[in-house]
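Quantities reported herein were computed from a predicted structural model and do not represent experimental measurements. Just the heavy atoms: all of them, side chains too, but no hydrogens, waters or symmetry mates, feed the values below.
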Amino acid sequence: MRGLLTSAFFISVIIIGYAAEKEKVQLKRLFEPDNQSLIVTTRTLTSQSATLVQEFAQNAIIGLHATSGTPGNLYNGKSEYNNIKLKATSLKHRRINWQQTPKVMLTSKAATIYAYAPYQALYPFNPNRIPIKIAADANYTPDYMYGRQAVGQKAVSQISPYAQLQMKYALVRVTFEVCGEGINDSSYSISSIQISNRAGGNLLHSAGTMNIATGQITPDIDTTIPTLLTLVHPMALGTKRVKTENGSLSSDTPLHINILPPDKPFSNGDVEVRFRINGSLYLYTFPSTIFWKKGTIYHYAFSFNGQALKLLNSQTAPWIPGK
């Protein structure tokens, strides 16, 4: 009997010890710095859609900046979190799986996640001065973006590792539509569009640096190269812009050019647009008081009578990611 009691005592000690060790391991997993990696999501709900919209396509690459609150204050003091490469590896049910290089390992300390697109392999990386460039060939100007975890979501930490990124566009998108007036539309086609300063002007710039938190772009004042959109397949006059499901203005049209937002309104004739139609160039100068702002689409509809362009109307709309 005494042996049985002794055995029972040791078994009880072992069980209690195992339970205590299990609890210790669970607590350790909960608070260890390398226990839980950051999980990024990029679907957002916008005023243009009743469902979640995916902002990025498969194979997209964006940059993350993991901080303890403000840009430059790196999370847990780790330099490798300064400019993290984030690649969309798969898309399933409109949800992207993001691969981080390196992974952000969360602790109990709250993290603030900033992001920009497209990713740039920069060293050193300055989150307040991310290079931006408007290409001479408009087809090669990226849709530069900036953002951070969504306002109102739970603090990102080991306990709640999800960062819902809320991205915004940093550039201006100018879109065009041209229809014929008194002519056969199908007999005329647009092969290129160029936006530039007037001769000797410097309102529009073609390079600068972007702040990851605000999207504010500081232009390089010495860069004023025009940007030219050349269509691989010339477009017949009368081709309508693409609309969203509810009929609102869309950014998805072949006739679009991205530019750096100017820091002041136009004066009359400051900015020019040249259309090449059937091999000949036709000029339109934007009037004064126009102020192009970042993250906005400016759409211009023209008529063409075979000799000159005439502005029919213009529209503005927010440039919504995923639209």
Side-chain angles (χ1 to χ4, degrees), residues 132-139 141 144 169-183 188 190-210 215-231 235 237-241 249-251 253-319:
I132 299 292
K133 184 177 181 180
I134 302 298
D137 183 339
N139 290 298
T141 297
Y144 290 104
Y169 288 107
L171 300 182
V172 171
R173 172 158 287 188
V174 187
T175 65
F176 302 97
E177 180 181 339
V178 183
C179 64
E181 181 182 346
I183 60 173
Y188 292 84
I190 302 169
S191 57
S192 69
I193 303 174
Q194 177 180 278
I195 291 181
S196 64
N197 293 296
R198 60 176 170 78
N202 63 355
L203 181 69
L204 299 182
H205 300 282
S206 52
T209 56
M210 179 181 71
Q216 182 67 35
I217 295 175
T218 302
D220 180 346
I221 60 174
D222 294 326
T223 58
T224 55
I225 299 171
T227 183
L228 174 70
L229 172 68
T230 300
L231 302 178
M235 180 178 291
L237 300 191
T239 303
K240 301 296 182 181
R241 61 178 167 82
L249 192 60
S250 169
S251 64
T253 170
L255 299 182
H256 73 259
I257 295 178
N258 294 345
I259 63 168
L260 259 64
D263 55 8
K264 61 182 178 180
F266 299 172
S267 294
N268 194 38
D270 273 347
V271 177
E272 303 173 339
V273 56
R274 289 175 170 82
F275 294 82
R276 186 172 292 278
I277 302 175
N278 280 19
S280 299
L281 287 175
Y282 298 91
L283 174 69
Y284 175 80
T285 58
F286 289 99
S288 59
T289 71
I290 294 176
F291 194 0
W292 286 344
K293 298 180 180 179
K294 72 175 187 292
T296 306
I297 301 169
Y298 294 85
H299 180 74
Y300 296 92
F302 292 90
S303 66
F304 178 72
N305 62 8
Q307 297 181 335
L309 293 159
K310 181 173 72 174
L311 181 65
L312 298 177
N313 61 72
S314 62
Q315 293 177 266
T316 63
W319 187 359

Exercise. How would you list, by chain and number, every residue that makes a side chain to side chain contact (heavy atoms under 4.5 Å, CB included) with Ser303, sequence neighbours excluded?
Worked result: Cys179, Glu181, Lys310, Leu312

For this session: Give a yes or no answer on whether the side chain of Asn139 reaches the backbone of Thr230 with a donor-acceptor pair at less than 3.5 Å.
Result: yes

Problem set entry | Note, Asn258 side chain near Tyr144 side chain (heavy atom, < 4.5 Å) | no

Problem set entry | Approximate separation, where rounding is to 0.5 Å, of Phe275 CZ and Phe176 CZ | 5.0 Å

Exercise. Is the backbone of Leu203 close enough, under 3.5 Å, to the side chain of Asn197 for a donor and an acceptor to pair up by distance?
Worked result: yes

Exercise. How far apart are the C-alpha atoms of Ile190 and Leu237, what are their side-chain angles, what is the distance that settles it, and do they pass the side-chain contact (heavy atoms from CB on, under 4.5 Å) test?
Worked result: CA-CA 7 Å; Ile190 302 169; Leu237 300 191; 3.7 Å; yes

For this session: Start with the C-alpha gap between Tyr300 and Tyr284, add the side-chain angles, then the distance that decides, and say whether ring pair (Phe, Tyr, Trp, His ring centres under 6.0 Å) holds.
Result: CA-CA 11 Å; Tyr300 296 92; Tyr284 175 80; 7.4 Å; no

Problem set entry | Euclidean distance, Asp270 CG relative to Ser196 OG, rounded to 0.5 Å | 11.0 Å

Exercise. Side-chain contact, heavy-atom cut-off 4.5 Å: Leu171 with Leu260?
Worked result: yes

Exercise. Quick one: are Ile134 and Leu204 in side-chain contact, heavy atoms under 4.5 Å?
Worked result: no

Exercise. Are Glu272 and Leu283 close enough that some pair of their side-chain heavy atoms sits under 4.5 Å apart?
Worked result: yes

Exercise. Minimum heavy-atom separation for Thr223 to Ala207, with atom names?
Worked result: OG1-N, 3.2 Å

Exercise. Can you pull the salt bridge (Lys or Arg N to Asp or Glu O under 4.0 Å) pairs that have at least one residue in residues 278-297, sequence neighbours excluded?
Worked result: none

Problem set entry | Inter-residue atom distance Leu309.CG - Phe302.CZ, 0.5 Å rounding | 6.5 Å

For this session: Enter the distance from Tyr188:OH to Phe304:CZ here, rounded to the nearest 0.5 Å.
Result: 6.0 Å

Problem set entry | Check against side-chain contact (heavy atoms from CB on, under 4.5 Å), Arg274 and Ile193 | CA-CA 6 Å; Arg274 289 175 170 82; Ile193 303 174; over 6 Å; no

Seminar exercise, completed: Rounded to the nearest 0.5 angstrom, the CG-NE2 distance for Asn313 and His299 is 7.0 Å

Exercise. Do other residues, nucleotides or ligands put more than 12 heavy atoms under 6.0 Å from the CD1 atom of Ile221?
Worked result: no

Exercise. Any side-chain heavy atom of Ser206 sitting closer than 4.5 Å to one from Thr227?
Worked result: no

Exercise. Taking C-beta and beyond as the side chain, do Leu231 and Leu255 meet within less than 4.5 Å on heavy atoms?
Worked result: yes

For this session: Would you mind reporting whether Leu229 and Gln194 have side-chain heavy atoms less than 4.5 Å apart?
Result: no

For this session: Identify, with sequence neighbours excluded, every residue that meets ring-ring contact (aromatic ring centres under 6.0 Å, His included) alongside Phe266.
Result: Trp292

Exercise. So how far is it from Lys133 NZ to Thr209 OG1, rounded to the nearest 0.5 Å?
Worked result: 15.0 Å

Exercise. Should we say atom CD1 of Ile183 is surrounded by more than 12 heavy atoms from elsewhere, each under 6.0 Å from it?
Worked result: yes

